[in-house]
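Here the structure comes first, spelled out in structure tokens, and everything after it is commentary.
Note on naming: letters A, B, ... go to the chains in the order of the sequence lines (proteins, then strands), and numbering restarts at 1 for each one. Only heavy atoms go into these numbers, but all of them, side chains included; no hydrogens, no water, no symmetry mates.
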Amino acid sequence: MTTDYNPKAIEKKWQNRWAEDGLYEVNEDSSKPKWYALTMFPYTSGDLHIGHWYAMAPSDVHARFKRMQGFNVLHPMGFDAFGLPAENAAIQRGIHPYKWTMQNVENMRRQLKSIGAIYDWRREVITCQPKYYKWTQWFFLKLYQNGLAYRGKAPVNWCPNCQTVLANEQVLGSGGCERCSAVVIRRDLEQWFFRITKYADELMQHEGIDWPERIKIMQNHWVGRSDGTEISFSLDHQAVNESEIRVFTTRPDTTFGVTFMVLAPEHSLVTQLTTSEKKAEVEAYIAKSRRLTEIERLSTEKEKDGVFTGAYVTNRLNGDKVPIWIADYVLLGYGTGAVMAVPAHDERDFAFAKKYNLPIRVVIAPPDWQGQDLEEAYIGSGTMINSGQFDGLSDEKGIEAISDFLAERGWGGRTVSYKLRDWLISRQRYWGAPIPIIYCDGCGIVPVPEKELPVLLPEDAEFKPTGESPLKYNEQFVNTTCPQCSGKAKRETDTMDTFMCSSWYFLRYTSPNTDNMPFDENNIRYWMPVDLYTGGAEHAVMHLLYARFFTKAIRDIELVEFSEPFNRLFNQGIIIAQKQKMSKSKGNVVNPDAYVGELGADAVRTYLMFVAPWEQGGEWNDSGISGISRWFNRLWKLVINNYKAKNENTNKELKRKLHQTIKKVTDNLEAIRFNTMISTLMEFTNYLGTIKKAGSITAGEWRQSVETLLVLLAPTAPHLTEELWQRIGNSYSIHNHPWPVWDEELTKDEVITLVIQINGKMRDKLLAPASITEEEARHLTLSRQKVKTYIDDKTITKFIYIPKRLINLVVK
RNA sequence: GGGGAAGUGUCGGAACUGGCAGACGAGCAUGAUUUAGGAUCAUGUGCCGAAAGGCGUGGGGGUUCAAAUCCCCCCUUCCCCA
């Protein structure tokens, strides 16, 4: 039976067979080492594009490799199914979010199956299903009971178009909404928060986990720990109870240079402090700054402006009266919402002082400074001056000395500040997990009892084009009774940020059908933590930081025993087309289904891995994928057509090439270097091609070589190899075949090429046995005719010999 | 402005701890074969040069017997943050 390679037919055939046999069903098995290979689950957008393939196909290859190596491999798949687009579809097209989402799931599941991955669909997780979000709510209650969830008022990013709160990460650099681009404004709302800041320091520690350096750096920037000093300025004001205003600074050594103070416009003391003649001006300024986004306020492009409140504080170190200003470059949420301004030594303060003609007092002497006015802020180091008893100290020593001095007198001291803020999880939306909280006039905030979970989303919700949450107006949902006093009460109508759903889905895969707990303890102990987590780098600070926080939080609640969910993280790059990111508007979107239909899933999988290093991302190119197709066709014929041996002696070179190939393919897979792994397999195929023509190995060697090649290629091209495996008369399934091992001794070359350089330039080559000594090499080199013409009448001043590599003669 | 990654043929990309630059694939060229197909096979393909040879990894300098790889300065691109 010799037919042509027909990927369409064989792929369908084997996918059906594998599904029928449950070949990839995975169960806990303590007799095998486990391997948890996780790919970030996709959002239910409706269509599996080439970017999904780029994320999923290579990770499946790696998981299959581990499986063949004898690991019990969990490589699950599911759907991140809550989120705004489903709700927009409901508003625009009148289709219920659940229906829209599940239709998308159907389609994407079908497309996912065409990849030919080892997903065990019995373990599928869909976050919008009640059996899943019941446990999302349960975790909320656990966090609440343990003081890690709280309700608070806070200025939030509000998109007037979507009518919802956005996380900082969801606001574009331009200050627009991530989804609709409308200008985001600031607004105060009662919200639910998770106390992620409690874990700020632990989140900056990545010891013991193998993550890309740049992701760790990005997370640490996001947490933004800054060690500094808090300084109290005394306040004496009849309208205000407080007797001080505290500021945070990393430069307490410049405290004698403070010439004004700046408060955030939202600072709680501003209204009381403002004098009557300044009131109108201040109020106008506050109104103006409310319209600006945080990004705009902090932008270095924007000129710093502000308003004097008419009030003063006193600098305790030198008794100076310091005027209090407000300016929008100071944020309430960072530090104390107040900064001491030292124009001589801070760029922003300098610009501000120049603009409003405020004094500039130098307290750190710049090099060669003669007392003249500064042209610009001096932010470098130097000796303290104009600082009373601290004069003469270096700025470094001054930081210590002043901090200590303040601490002794109770005027402040060393402290730590973070950029990280608590995680705001409330969303004024329908399509998310409802926050399981009830508000009772008598009892206050009452958590929904566990036995009443899940708090279901009402099916009869009405989706208004205004975008307001339908839950708010659903009487049946809102009105309830208090679990404590049985009186009339109202439900929380906000739902949870979908990052909450994705903070624990990897736990659910271990026990997707456990119904009395979110997961089975034994299964968690068996599978977790994830051994290899792969996905896009765009999740560096959001999902990955939240998932780490969540894990640490439930560790402290004693639900799990580990601190880090993902041992090794790997970020794949982005697949582009025609030098650009793919997008519908550019019309350069590559549709994987079309290529799968024509050239096969195996070719698409292989091409995506071959095109470039996975972490780098690559450009889709039609002639590139046809190169893979050609290789498969050649391989097909090579294996199918009979081999005629013209030699009965075993071939040492073949054995060496075979073992070198096994070694390189294995090492490359382990290191996640798929492109070179594939080129190694191509080289071996080409080598077998020349062997076949010559008939230079025995029939037994031929069979062994072909079988090994198929096994090595099996993770990459699972359908093609299964078909050929069967056609050469081997038993089903190649995917249960153990991974080949190599013999290090057999990989070593017996004959080596020594490169001969003269003065560092390559002039000649020498074939020699690997066992050659330096003396022999020198002798052989000097007797070469070509070498003689170069050294001629010159003298050899140096003879460099690098065993098995080269000889370099330095001549004069 | 700060942080990170990267610059290698016509293109995607190889090159282990410094040791033959350009593996593998694409493209192109020539030839073979064929019931003109985006098939298959063979050969060639960094640049200059007739050749000998010389020059070549963004640019400039340095270390070294030897640099794509290490160090310093500069330029460009991309990503993240402000």
Side-chain angles (χ1 to χ4, degrees), chain A residues 4-5 168-169 173 212-222 224 293-302 329 331 334 347-348 379 419 536-542 571 573-581 598-599 606-631 633-634 636-637 663-664 667-668 671 673-687 689-690 693 752-766 789-790 796-812:
Chain A
D4 287 339
Y5 172 45
N168 283 339
E169 308 88 277
E213 210 53 43
R214 60 190 207 97
I215 302 292
K216 293 192 276 188
I217 289 168
M218 279 165 74
Q219 291 203 338
N220 289 350
H221 282 336
W222 192 260
T293 66
E294 195 164 304
I295 306 276
E296 283 170 332
R297 285 172 57 164
L298 292 172
S299 166
T300 46
E301 310 291 307
K302 179 178 169 290
Y329 72 87
L331 300 176
Y334 183 63
E347 285 167 0
R348 287 184 304 185
I379 54 173
K419 254 172 33 192
E538 68 272 19
H539 291 112
V541 282
M542 298 184 268
N571 296 117
I574 296 168
I575 195 90
I576 59 170
Q578 291 142 32
K579 308 265 173 218
Q580 293 181 302
K581 269 191 185 175
E598 195 182 342
L599 301 172
T606 309
Y607 175 64
L608 287 173
M609 288 189 291
F610 180 63
V611 67
W614 198 28
E615 69 270 28
Q616 184 187 302
E619 186 176 352
W620 183 271
N621 184 312
D622 279 4
S623 58
I625 190 171
S626 60
I628 299 294
S629 256
R630 277 178 227 165
W631 172 39
N633 276 305
R634 268 185 290 137
W636 180 271
K637 285 179 191 156
K663 178 183 159 88
K664 192 162 179 209
D667 287 350
N668 279 334
R673 292 158 56 127
F674 298 126
N675 57 331
T676 48
M677 184 244 337
I678 289 170
S679 69
T680 305
L681 290 172
M682 286 174 166
E683 280 180 80
F684 192 63
T685 310
N686 294 345
Y687 175 71
T690 59
K693 247 181 254 165
I752 53 166
T753 307
L754 281 173
V755 168
I756 301 171
Q757 294 185 338
I758 292 160
N759 287 337
K761 288 190 198 292
M762 205 270 282
R763 295 300 186 191
D764 200 1
K765 287 179 192 178
L766 189 61
T789 64
Y790 278 100
I796 298 168
T797 56
K798 232 174 192 177
F799 179 86
I800 312 278
Y801 176 68
I802 308 295
K804 299 192 178 179
R805 290 198 190 278
L806 60 65
I807 290 144
N808 191 7
L809 297 175
V810 185
V811 301
K812 251 189 246 169

Inset, instruction - Between A/N633 and A/R805, name the one whose nearest nucleotide on RNA chain B is closer to the 5' end. - result: A/R805

Legend entry - Nearest-Å distance once atom C1' is located in both B/rU77 and B/rG27: 25 Å

Inset, instruction - Return the value, rounded to whole Å, for the distance between atom CE of A/M677 and atom P of B/rG13. - result: 17 Å

Inset, instruction - State whether A/R214 places a side-chain N or O below 4.0 Å from either non-bridging phosphate oxygen (OP1 or OP2) of B/rC78. - result: no

Inset, instruction - Could you tell me whether A/K761 contacts a base, only the sugar-phosphate backbone, or nothing, with contacts defined as non-hydrogen atoms closer than 4.0 Å? - result: sugar-phosphate

Inset, instruction - Could you tell me whether the phosphate oxygens of B/rG13, OP1 or OP2, come under 4.0 Å of any side-chain nitrogen or oxygen in A/Q616? - result: yes

Inset, instruction - Ignoring backbone atoms, test whether A/N675 places a side-chain nitrogen or oxygen under 4.0 Å from the OP1 or OP2 oxygen of B/rA14. - result: yes

Scan nucleotides 26-34 of chain B against the protein and return all N/O pairs shorter than 3.5 Å with their distances rounded to 0.1 Å.
| unit_1 | atom_1 | unit_2 | atom_2 | d |
| --- | --- | --- | --- | --- |
| B/rA26 | OP1 | A/R630 | NH1 | 3.0 |
| B/rA26 | O2' | A/S623 | OG | 2.8 |
| B/rG27 | OP2 | A/R630 | NH1 | 3.4 |

Inset, instruction - Kindly assign one of parallel, tilted or perpendicular to the pair A/Y5 and A/W636, based on the angle between their ring planes and the thresholds 30° and 60°. - result: tilted

Inset, instruction - Measure the distance from CH2 on A/W620 to C1' on B/rC11 and round it to the nearest whole Å. - result: 17 Å

Inset, instruction - Write down the distance separating the P atoms in B/rU43 and B/rG25, rounded off to the nearest Å. - result: 13 Å

Inset, instruction - Look at the side chain of A/S629 and the backbone N and O of A/S626, then say whether any donor-acceptor pair between them is shorter than 3.5 Å. - result: no

Legend entry - Whole-Å C1' distance, B/rC78 and B/rA14: 22 Å

Inset, instruction - Establish whether the base of B/rC20 is bridged to the side chain of A/R763 by a donor-acceptor pair shorter than 3.5 Å. - result: no

Inset, instruction - Round to a whole Å and report the spacing from CD1 of A/I575 to P of B/rG13. - result: 10 Å

Legend entry - Pairwise 5' ranking along RNA chain B for A/D622 and A/E619, keeping only the more 5' one: A/E619

Legend entry - A/K693 vs B/rA42: side-chain N/O to OP1/OP2 distance below 4.0 Å: yes

Inset, instruction - Using the P atom on both, measure B/rU57 against B/rG22 and round to a whole Å. - result: 14 Å

Inset, instruction - With C1' as the reference atom in both, quote the distance from B/rA68 to B/rA6 in angstrom, rounded to an integer. - result: 13 Å

Legend entry - Nearest-Å distance once atom P is located in both B/rC75 and B/rC24: 39 Å

Inset, instruction - Between B/rG58 and B/rG53, how far apart are the P atoms? Round to whole Å, please. - result: 27 Å

Legend entry - Spacing between A/D667 atom CG and B/rU17 atom P, to the nearest angstrom: 13 Å

Inset, instruction - Would you mind reading off the distance between A/I752 atom CD1 and B/rC20 atom C1', rounded to a whole angstrom? - result: 13 Å

Legend entry - Separation between the C1' atoms of B/rA15 and B/rC81, rounded to whole Å: 34 Å

Inset, instruction - Any chance you could encode RNA chain B as dot-bracket? Rule is Watson-Crick or G-U wobble with both distances under 3.5 Å; [ ] for pairs crossing earlier ones, | for another strand. - result: (((((((..(((......[....)))((((((.......))))))(((....)))..(((((..]....)))))))))))).

Inset, instruction - In whole angstrom, give the distance that lies between atom CD of A/E213 and atom C1' of B/rC79. - result: 17 Å

